[in-house]
Amino acid sequence: MQPSSLSGLPAGVGEALEAEGVAELYPPQQAAVEAGVVDGDSLVAAVPTASGKTLIAELAMLSAIERGGTALYIVPLRALASEKKTEFERWEDHGITIGVSTGNYESDGEWLATRDIIVATSEKVDSLIRNGAPWIDDLTCVVSDEVHLVDDSHRGPTLEVTLAKLRKVNSGLQTVALSATVGNAGVIADWLNAELVESDWRPIDLRTGVHFGNAIDFDDGSKREVPVDRGEDQTARLVADALDTEEDGQGGSSLVFVNSRRNAESSARKLTDVTAPRLTGPERDDLRELAEEIRGVSDTDTSEDLADAVEQGSAFHHAGLASEHRSLVEDAFRARLIKCVSATPTLAAGVNTPARRVIVRDWRRYDGEFGGMKPLDVLEIHQMCGRAGRPGLDPYGEAVLLANDADTKEELFERYLWADAEPVRSKLAAEPALRTHVLATVASGFASTRDGLLSFLDNTLYATQTDDEGRLAAVTDTVLDYLAANDFVERERDAGAESLAATGIGHTVSRLYLDPMSAAEMIDGLRTVATGDAPSDVVDAGTGTSADTGEFIMTAENTDDDEPGFGTYVRADAENGDASGEAIDGEANADAEDGDETAAASSEVTPLGIYHLVSRTPDMYELYLKSGDRETYTELCYEREKEFLGDIPSEYEDVRFEDWLASLKTARLLEDWATEVDEDRMAERYGVGPGDIRGKVDTAEWLLRAAETLARDVEGVDGDTVVAVREARKRIEYGVREELLDLAGVRNVGRKRARRLFEAGVKTRADLREADKGTVLGALRGRERTAERILENAGREDPSMDDVRPDKSASAAATAGSASDEDGEGQASLGDFR
DNA sequence: TTCGGACACCTGTAGACAGCATGTC
DNA sequence: CTACAGGTGTCCGAA
């Protein structure tokens, strides 16, 4: 079947595809067409990676647009959104417009509503529905990429609920779901009421095998001799073998999958011995340039180590890297400049980075819940293997698993190579997932009664595949109790039917895209300030055990609302009530004017306190406590106990206290960021990479903004607290101490420049308008253009720097200032803000 | 005394979405 | 209840 023979596509599209080299549709694509994908019929395509799934989606979307509709393409990662956008942009010549919408990026210019194709992450789509984006109910075609991710316990439910909502709002919506080959694609098709196209067909041959001893045994029965000398590294030998086997005039690149960041880094370092000697002169030059670029991204050890490896043609890739690092590595690998990448599973699920040979070195990974090394899922291994073979570059792809002994070799064959991927199972019926989605579903009007809610949930994958009818309802009821107890939802039970409505704050929480539990925690903490009910005591270690105190501390609110089994945060800290009988109820502040000794202590809200509040929320990913950290942070906890909002769990309550300390570690990281501590210092102090730091800061910024909104909207939080939250947020946003906030707000002035200006005596935006130009120029290291732009942005009437000479002393002050700042950033100055 | 190698013990463990309003060195 | 690779420290013998 030729593209140009297809009807229903915009004019010229078929021909354009043929011009791209698509002379004939691949068998799965043809099957998709026969199943009606260009006629608006829904479809589930469960086919291997790189076998033309995207084209199936394009055919669906383009034909839908030709019929006058619009299409939405849902991706699981932000990075994939931009990848797909770039891919689809080739249709702009045919009058198709593309828009992207993700958390950190939105197509500029025209509004998304005018776009034919919108690419967005599943969370963003969910959020757009919650916020009532007008174009959502005009969609005629939705594509869900990597739909097998509904199996993911954290993010799967979002995709599931979002698809259900889209289908409810748009009757007759064409749903095209693209999936990896999974055990039960048929169930997904049933759920979506779609045709199923399932196939193992691949455009490039993929051979998978296991290496043990002196050869790779492939699953097709063939063998390739790759002898490993004694003492020689197995991985290195296989990478060398691929590089030394020329196809198409070039050696093949390799992708090595390992199970930890550290292993990725050390593997990359070791493999430089293989890659470095095989580089050509020009490659060496390009790599040196790339290494410089990498060093420029961040001055952490991670960045330096990466640059060192890249210089020699090898690289590592994991989530500790800054996103710029990652894309530099990915691009250079695709450009065949980097010969080998050692990666954690990030790369298997991420953007397209194919290699001639994929080496799966580690097939087990540590899992705390499991209690040891857990074998990876078949699906995960298949995804990794699927990265082998670059279309158009390699005549074939090879995926090799490594075994140390014959038994392991057998096991790998049976467990992975000959096995089908696991079935996908919905994870919707879990409290954290439903907490969020039940609230959103009620808040955005998809259900107004308990029955309506349950019948909406009946449209999810969970409902189509479960045997246990009652479970979803049971969890839903638990969650409703929680939401009602926290005043996010109002329920009225009259005449048998139970009606549901989101409260004002419930709507806000839903729109802010917060986990309701995060919101409850933040509201609770913020109210503590207003009531003067700050933690007065780091818990009554001696008075009463946590096990039994809960019984005699029943506050008014507890007796009313606190039913067992939910609402950990309603007033979960009963153990904090000690024999003194102090009023600990946050809500009961009507009678709290009788502020005792705690009132004075609580009047001061510090950034650390606020950072801890958002850090202990379930929306903030936890930082590990390493050995020695427990001690460090316990100490910090006592030192600064007055600053924390809400109660501190007892030290004897192991798990909760550990969690609390882990949040404290995050909070201190944020405080460091807001006190201008250098990135490399922070990386060292917290044992994280630049990517982690930026991730934390980013999440904190989001949560702090949400906290600010909540503080404003909710009753019982005073104005000073709102201001304190705003300031704490701004300090995270700019990464500066308080005194630089004004300066850093000026465009083109970041944390570094603000500090230099400040040390030179230019301390405010107003100073910028009045200050001696020589001083400004000196502080900015004589950069005239920069100085002019900054003065202009500060509102100065005559920003011109013509004939201005940089003031030497200003320059010296600026340098000395920032230098001493760095030096003085030891522990002594920690916590020194004002 | 110093150095290097073998070996025992210790340590630490993958990933990354959202809001909102514009711009870092 | 469960692992394991890499890094670090220790001990020994040789130079």
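Numbers restart at 1 for each chain; the letters A, B, ... are given by sequence-line order, proteins then strands.
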Just wondering, more than 12 heavy atoms not from A/R789 lying within 6.0 Å of its CZ?
-> yes
More than 12 foreign heavy atoms under 6.0 Å from CD of A/E622: is that the case here?
-> yes
Out of [options], which has the shortest distance to the side chain of [X]?
{"X": "A/R753", "options": "C/dG7, B/dC25, B/dA18", "answer": "B/dC25"}
{"X": "A/L77", "options": "C/dA3, B/dC25, B/dC17", "answer": "B/dC17"}
{"X": "A/Y624", "options": "B/dT13, B/dA16, B/dA18", "answer": "B/dT13"}
{"X": "A/R747", "options": "B/dG23, B/dA18, B/dA14", "answer": "B/dG23"}
{"X": "A/H154", "options": "B/dC17, B/dG15, C/dA3", "answer": "B/dC17"}
{"X": "A/R269", "options": "B/dT13, B/dA18, C/dG7", "answer": "C/dG7"}
{"X": "A/K270", "options": "C/dC4, C/dG6, B/dA14", "answer": "C/dG6"}
{"X": "A/Y621", "options": "B/dA18, B/dC17, B/dA16", "answer": "B/dA16"}
{"X": "A/R361", "options": "B/dA14, C/dA5, B/dC17", "answer": "C/dA5"}
{"X": "A/T346", "options": "B/dA16, C/dG6, B/dT13", "answer": "B/dA16"}

Strictly below 4.0 Å: does [X] bring a side-chain N or O up to OP1 or OP2 of [N]?
{"X": "A/T344", "N": "B/dG15", "answer": "yes"}
{"X": "A/R78", "N": "B/dA18", "answer": "yes"}
{"X": "A/K374", "N": "B/dA14", "answer": "no"}
{"X": "A/T121", "N": "B/dA18", "answer": "yes"}
{"X": "A/R365", "N": "C/dA5", "answer": "no"}
{"X": "A/R262", "N": "C/dG6", "answer": "no"}

Keeping the roles fixed (side chain from A/K427, backbone from A/D151), state whether a donor-acceptor pair exists under 3.5 Å.
-> yes
Is the backbone of A/M517 close enough, under 3.5 Å, to the side chain of A/D515 for a donor and an acceptor to pair up by distance?
-> yes
Taking any heavy-atom pair under 4.0 Å as a contact, classify [X]: base, sugar-phosphate, or nothing.
{"X": "A/V746", "answer": "sugar-phosphate"}
{"X": "A/D362", "answer": "nothing"}
{"X": "A/K124", "answer": "sugar-phosphate"}
{"X": "A/G103", "answer": "base"}
{"X": "A/R326", "answer": "sugar-phosphate"}
{"X": "A/N131", "answer": "nothing"}
{"X": "A/T709", "answer": "nothing"}

Residue pair A/D692 / A/Y686, side-chain donor-acceptor N/O under 3.5 Å | no
Would you tell me whether A/N131 and A/Y513 have side-chain atoms, one donor and one acceptor, within less than 3.5 Å of each other?
-> no
Nearest-nucleotide 5' precedence on DNA chain B, A/K696 against A/A744 | A/K696
For A/Y734 and for A/E701, find the nucleotide of DNA chain B with the closest heavy atom, then tell me which residue's nucleotide is more 5'.
-> A/E701
In whole Å, what is the span from the [atom1] atom of [X] to the [atom2] atom of [N]?
{"X": "A/D698", "N": "B/dC20", "atom1": "CG", "atom2": "C1'", "value": "12 Å"}
{"X": "A/N259", "N": "C/dG6", "atom1": "CG", "atom2": "P", "value": "9 Å"}
{"X": "A/R755", "N": "B/dC25", "atom1": "CZ", "atom2": "P", "value": "13 Å"}
{"X": "A/E622", "N": "B/dT13", "atom1": "CD", "atom2": "C1'", "value": "15 Å"}
{"X": "A/I790", "N": "B/dG23", "atom1": "CD1", "atom2": "P", "value": "13 Å"}
{"X": "A/E324", "N": "B/dC25", "atom1": "CD", "atom2": "C1'", "value": "13 Å"}
{"X": "A/R781", "N": "B/dC25", "atom1": "CZ", "atom2": "P", "value": "10 Å"}
{"X": "A/E792", "N": "B/dG23", "atom1": "CD", "atom2": "C1'", "value": "15 Å"}

Determine, stepwise, if the pair A/L439 / A/V509 fulfils side chain to side chain contact (heavy atoms under 4.5 Å, CB included).
-> CA-CA 9 Å; A/L439 176 60; A/V509 170; 3.8 Å; yes
Comparing A/Y366 with A/N263, nearest DNA chain C nucleotide closer to 5' gives the residue A/Y366
On a whole-Å scale, what distance lies between the P atoms belonging to C/dG6 and B/dA14?
-> 14 Å
Applying side chain to side chain contact (heavy atoms under 4.5 Å, CB included), run through A/V358 and A/F257 and close with a yes or a no.
-> CA-CA 8 Å; A/V358 165; A/F257 284 107; 3.9 Å; yes
Cationic N near anionic O, under 4.0 Å, A/D629 to A/R685 | no
Where does DNA chain B form stems of at least three consecutive Watson-Crick or G-U wobble pairs, each pair having both distances below 3.5 Å?
-> B:1-13 with C:3-15
With side chain to side chain contact (heavy atoms under 4.5 Å, CB included) as the test, would you mind laying out the steps for A/L306 and A/V329 before giving the verdict?
-> CA-CA 9 Å; A/L306 180 62; A/V329 168; 4.0 Å; yes
